[in-house]
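Read the numbers this way: they start at 1 and go in the same order the structure lists the ligands and their atoms. Just so it is clear, the values below take in all heavy atoms, side chains as well, and ignore hydrogens, waters and symmetry mates.
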Amino acid sequence: MENLSVEEKRRIVEETIEKYMKYLNPGLARLYKFANLTTVEWRGEGAKVFDIFGEAYIDCIGGFGVFNVGRNHPRVVERVIEQLQRLPLSSRTLFNKHQADLAEMLAAITPGNLQYSFFCNSGAEAVEGALKLARLYTKRKKFVSALGGFHGKTFGALSVSGRDVYKKPFEPLLPGTEQVPFNDLKAMERAVDEDTAAVILEPIQGEGGVILPSSEYLKGVREICTRKGALLILDEVQTGLGRTGKMFACEHYGVVPDILTLAKGLGGGVVPLGAFVSTAEIWQVFEDNPLIHSSTMGGNPLSCVAGIETLKVLQEEDIPAQAAAKGAYLLEKLEELQREFPEIIQEVRGLGLLIGVELFDADAASLLAMEMAQRKVLVAYTLNNPRVIRLEPPLTITREEIDTVLSALYDALRGVQAIVQEVRG
Ligand code: PLP
């Protein structure tokens with residue numbers, strides 16, 4: 001494929017876009033075209049994705065936070081290839097060593113007494129499983145979650161998410177769900193009652209616009225849940241596995257959930273893999289009927305070896321600490337940019353390498369993403385707050401690459417500034 005002529009590569013790009021228009025998602029194709037993203041991705045390495053022409057982009061979206069160990073980490077790829085040739089999928093009737101090993105590793109690194117894991121393929125599936133487990137254990141029905149929260153787009157996960165534009169067209173959703181403002185303990189206190197099975201929250205809201213909890217919030221929610229007999233589900237699909245500078249974001253706040261959900265980075269950015277993890281006490285409810293929750297593809301050997309190698313890399317290369325140091329540097333530089341462009345940037349905030357740049361205007365945020373794409377840096381707005389541009393690169397991004405992102409951002413902001421001034425006359 002690398003030997004294709006430029007004409008052939010151009011044809012592939014044109015045909016791919018046409019097929020998106022004809023067979024996939026015309027609206028999305030128009031959106032990509034509008035954002036100047038009219039090329040085809042071809043190869044990945046570290047923090048970069050290369051298009052079919054060999055043009056490198058620094059990927060600050062990273063599949064919405066998938067590439068914690070960097071793209072195509074050689075150790076993960078090697079293990080996956082070896083497993084692929086031997087036994088990629090499971091019989092689902094014999095014991096599977098890799099699933100068992102991965103569950104043991106998760107029990108060792110997850111906080112508190114979280115011990116048992118169920119493996120699936122995506123974040124939304126992990127959330128669905130967590131919600132079901134909470135109902136099964138508590139024999140209660142209701143769920144409380146946060147406005148602006150994002151937990152996925154399957155029915156249950158969507159029901160506990162917090163943005164109407166994605167929910168309204170699909171109503172009726174799961175009954176007995178309520179969303180309260182994030183960081184508001186009084187509202188949480190009012191919402192959780194004797195029929196609440198669980199509160200589900202992201203420790204740091206990702207798609208909501210990178211919203212950090214106040215120092216007392218998560219501890220307060222933990223206390224409310226414990227007092228009222230509801231479970232606390234922390235959704236670390238986006239914040240987990242080093243992203244925020246610790247292995248799990250809840251560790252920043254000294255809070256242990258009853259159920260933890262993971263996905264995105266768990267498969268090393270090579271194979272899809274999700275999980276929900278809980279305690280031995282809660283897991284007992286699966287004893288009566290061990291098949292009450294199951295998945296054909298979940299926990300397949302291919303994804304589990306990717307997960308095992310990913311966890312080893314995260315620990316051995318101390319990737320959470322890397323994310324903390326690089327994130328602090330990036331945030332400091334972004335604060336300087338905010339001081340330089342106070343009429344465009346309202347606030348910058350984040351933890352580790354989950355960073356949001358909040359602009360005053362959603363159109364300016366789209367413009368900024370387009371300007372960045374022209375400068376070969378991929379960024380995007382957060383799904384539940386289009387005024388926030390997220391920066392969540394692979395955690396292995398180098399200092400030099402961060403500096404390249406910053407200088408592209410400076411130029412892009414100048415571009416946005418010029419357009420805004422022209423529009424205002
Ligand atoms: N939970 C959180 C916190 C997420 O950020 C996401 C996706 O962005 C999901 C769940 C859903 O994950 P998936 O897209 O893999 O279903």
**Report entry** For E401, the option from K48, K376, K326 that meets salt bridge (charged side-chain N to carboxylate O under 4.0 Å, His left out)
**Finding:**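 Among K48, K376, K326, the one meeting salt bridge (charged side-chain N to carboxylate O under 4.0 Å, His left out) with E401 is K48.
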
**Report entry** Counterpart residues, ring pair (Phe, Tyr, Trp, His ring centres under 6.0 Å), relative to F341 (two or more places apart)
**Finding:**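 Checked F341 against ring pair (Phe, Tyr, Trp, His ring centres under 6.0 Å); matches are Y410.
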
Query raised in the report: Are K132 and E128 within salt-bridge range, i.e. N to O under 4.0 Å?
Result: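 Here K132 does not pair with E128 in a salt bridge, since their nearest N and O are not under 4.0 Å apart.
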
Query raised in the report: Salt bridge or not for R390 and E358, using N-O below 4.0 Å?
Result: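 Looking at E358 together with R390, the answer is no, because their closest N to O distance does not fall below 4.0 Å.
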
Query raised in the report: What residues come within 4.0 Å of ligand 1, counting heavy atoms only?
Result: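 Under the 4.0 Å cut-off, ligand 1 touches S122, G123, A124, F150, H151, G152, E202, E207, D235, V237, Q238, K264.
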
Report task. Could you tell me how the ring of F118 sits relative to the ring of F276: parallel (under 30°), tilted (30 to 60°) or perpendicular (over 60°)? Result ->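 The rings of F118 and F276 lie parallel, inter-plane angle below 30°.
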
Query raised in the report: Mind checking whether Y217 and Y253 have ring centres under 6.0 Å apart?
Result: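 No: the rings miss the under 6.0 Å criterion.
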
